[in-house]
Number of protein chains: 2
Amino acid sequence: MEKVTIYDIAKKTGFSVGTVSKALNNYKGVSEKARNAVQLACAEMNFTPNSTAQTLATKKSNLIGYVFSETLGGGLLHPHFVQILQSFKTEVEASGYDLLLINSKTTVDNGFYEHCLHRQIDGALIAIPRTEAGRVESLINSSIPCVSIEDTYSEAPSVISDNKGGTMQMLAHLYSLGHRKIAYIAAPQDGVPGWERYEAYLQFMTERGLPINENHIVFATNYTRKAGYTAAEKLLGKCWEELPTAVFSAYDELSYAMQDTLERRGYRVPDEISVAGFDDILISQCATPKLTTIAQNRDAIGKLAGQLLLRRMDGDTSVENIIHRIPTSLVVRESTRRILDQN
Amino acid sequence: MEKVTIYDIAKKTGFSVGTVSKALNNYKGVSEKARNAVQLACAEMNFTPNSTAQTLATKKSNLIGYVFSETLGGGLLHPHFVQILQSFKTEVEASGYDLLLINSKTTVDNGFYEHCLHRQIDGALIAIPRTEAGRVESLINSSIPCVSIEDTYSEAPSVISDNKGGTMQMLAHLYSLGHRKIAYIAAPQDGVPGWERYEAYLQFMTERGLPINENHIVFATNYTRKAGYTAAEKLLGKCWEELPTAVFSAYDELSYAMQDTLERRGYRVPDEISVAGFDDILISQCATPKLTTIAQNRDAIGKLAGQLLLRRMDGDTSVENIIHRIPTSLVVRESTRRILDQN
DNA sequence: CTGAAAGCGCTAACAT
DNA sequence: ATGTTAGCGCTTTCAG
């Protein structure tokens, strides 16, 4: 009973494979009698259709590829993407799709597009940073439906947090607490999140007529805590003459490092200096004091990405290659507070 | 240039599809001339073999299923499994396998085995807790090679941390610091990790001649922080007459909640009471004070699981259905300290 | 060394 | 309503 095919159940029921196939796929021209006989036989023989054969015959695999990069510590290990993926998965598997992990790190000679073609996937969720845009170019320009979440591409719809809005939310929060000297630890300027957040900072400061102090801006080399410590040291080395009253970072890990560095140097957070982050990753709730940050709605991102991809795969041509912005939300915890004395 | 098959390159080169196939698969009986012609044509026409057709013909999909459950907040969202999966993936993709996510939460009528059969996977990595053992029974008993990581099954090799050893490591550490009244917050007794850690605690206490105090033992209902707070309250409610000098939990989240609860009640950790955890998840480094815990070697687990599965899929019959224990390591941070005054 | 042809399991015309 | 048959793209005997 290892491999039972529709031929087996055709033989058992006395009907032809064609009829069996039709019955199995709920086609119209099949008698009640045949349908029942087929169902019974399938149950008895424990028949499971072979998706490989189905795919070969129909050119539909019911497979969605999750195309991602493992550089930047991204990929599966980054909770941000995993959470989006989870939500995406829930959305698409309700329509019968399975998820295939595709990151041809090893298959050097073959790119993402070839890999996708090879596996006959019906669509792809792409999480590739701009720095590796070249790797997904052929895929995005192919006829395989795609949706992007990590970065934005003009050839596919993308779903991404409202980085600008989120940055503005936090800055408005700090401003309302009386902060005017707001330092900024920027994320690396190698992709949309880093760019947009930094630009929003500059815009906010300009709009409110606050001076943009070069000594209050520093760039982290990546999104790790280690880079955060380096950036924190650098910032403190630059701004000791005129300390900011608040430090806002483009990513929670950077804020965490900043917070820790400040405490070690004897500054009290938030009494002497406020610290704010972006992302609301798990550690922000565990930090001491708990970090005020901007939360991304990852479930919404995954869900919308799933819906868009499903529509594309269904041939819905009304899905445009535009950027969908998912609103963020301000999470006020303990690392920010009203400024006490202004000098 | 959308779909190029070996027929196309056969036509272009003038050779037959058989020869083309042989050349592509590096078979013996193919002339240098034919081989070169085929390679050239493939490159020019951007040929990518169709894995679906290959699978149908060879019955080998080069697909490995990651079979997991989404209950218990497990699945992709649990960093523990994701890290193991990452390591596993690195191991198997070096051999040309792709990973397919399989968790038939939605496909209620079809179980894991049917799902795997449907997709023709070559092997499966199973992360299913004992509480759902029935769902993987048919899969594990089938001819599909399997390796288990979340729980142990007698029908497949499993790779799992040395829970007993780890528990003993921590208890020995606490003992060496002078602790004798060691309370224990057990994980739910619904699976191997929970069982083994709890049993090891009992064994250690017995071996060292320490009394097993019912008021110093409490069971968490699950692995979440919330359950941890409940357990912490329960423990403090039971043991106020005779406080333990140390509290050891079967999981870091539980320890985190314990630590937080103690601080809120005015106890200083570790000065008045030591707290220890198990797992070394991310938050343990962020807790205040940083948590002393037992680290699991997830990379080693994933790697070994991958190696075992590869061997099984290669038909290596020397791979036994045994439990492979991966050593843990004691990570001493700031939440445990030598006991000061013994009464 | 190369070509022809059968077959993998299923679907989808096309007949009947 | 049911049966027949030709593919889907590739591998693999088996001849030549």
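Note: hydrogens, waters and symmetry copies are ignored here, and every other heavy atom, side chains too, is used. Labels below follow one simple rule: chain letters A, B, ... track the order of the sequence lines, proteins then strands, and each chain is numbered from 1. In this text, all values refer to a predicted model and were calculated from it rather than measured experimentally.
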Rounded to the nearest angstrom, tell me the gap between atom NZ in B:Lys60 and atom P in C:dG9. 17 Å

OP1 or OP2 of D:dT11 versus the side-chain N and O atoms of B:Ser21: is any pair under 4.0 Å? yes

Gap between atoms CE and P, on A:Met45 and C:dG9 respectively (whole Å): 13 Å

Starting at atom CG of B:Leu117, determine the distance to atom P of C:dG9, rounded to an integer number of angstrom. 11 Å

Grab the N/O contacts between the protein and nucleotides 6-8 of chain C below 3.5 Å, and write none if there aren't any.
| unit_1 | atom_1 | unit_2 | atom_2 | d |
| --- | --- | --- | --- | --- |
| C:dC8 | O3' | B:Lys59 | NZ | 3.0 |
| C:dC8 | O2 | B:Leu56 | O | 3.4 |
| C:dC8 | O2 | B:Ala57 | N | 3.3 |

Verify the distance criterion only: is there a donor paired with an acceptor across the side chains of A:Gln120 and A:Thr55 at less than 3.5 Å? no

Roughly how many Å is it from CG in B:Asn62 to P in D:dT11, rounded to a whole number? 12 Å

Return the set of residues passing side-chain contact (heavy atoms from CB on, under 4.5 Å) with A:Ser16 (not counting sequence neighbours), or none when no residue passes. A:Thr19

Does a side-chain N or O from B:Ser16 land closer than 4.0 Å to OP1 or OP2 of C:dA4, or not? no

Pairing residues for A:Lys60 by the side-chain contact (heavy atoms from CB on, under 4.5 Å) criterion, not counting sequence neighbours: A:Thr58, A:Asn62, A:Tyr97, A:Asp122

Check: B:His115/B:Asn103 side-chain N/O donor and acceptor closer than 3.5 Å: no

Verify whether the ring centers belonging to B:His78 and B:Phe81 lie closer than 6.0 Å. yes

With a 4.0 Å cutoff (strictly under), does any side-chain N or O of B:Thr19 reach OP1 or OP2 of C:dG3? yes

Below 4.5 Å, heavy atoms only, C-beta onward: do A:Leu309 and A:Ile64 meet side chain to side chain? yes

Any N/O pairs under 3.5 Å between the protein and nucleotides 13-16 of chain D? List them or say none.
none

Does any residue of residues 27-36 of chain A have a heavy atom under 4.0 Å from DNA chain D, and if so, which ones, in number order? A:Gly29, A:Val30, A:Ser31, A:Ala34

Restricting to side-chain contact (heavy atoms from CB on, under 4.5 Å), what partner residues turn up for B:Val319, sequence neighbours left out? B:Pro157, B:Leu308, B:Arg311, B:Arg312, B:Asp316

A:Phe15 CZ to C:dT11 P: how many Å, rounded? 17 Å

Whole-Å distance separating the CD1 atom of A:Ile6 from the C1' atom of D:dT2: 14 Å

Nearest-Å distance, CG (A:Asn25) to P (C:dA13)? 13 Å

Distance alone, cut at 3.5 Å: any donor-acceptor contact between the side chains of A:Asn50 and A:Lys3? no

Rounded to the nearest Å, what distance is computed from the NZ atom of residue A:Lys3 to the P atom of nucleotide C:dG9? 8 Å

Does NZ or CZ of B:Arg130 fall inside the cone over B:Tyr153's six-membered ring, less than 6.0 Å from its centre and within 45° of the axis? yes

Do A:Leu99 and A:Leu85 have side chains that approach each other closer than 4.5 Å (heavy atoms only, starting at C-beta)? yes

CD of A:Glu137: more than 12 outside heavy atoms within 6.0 angstrom? no

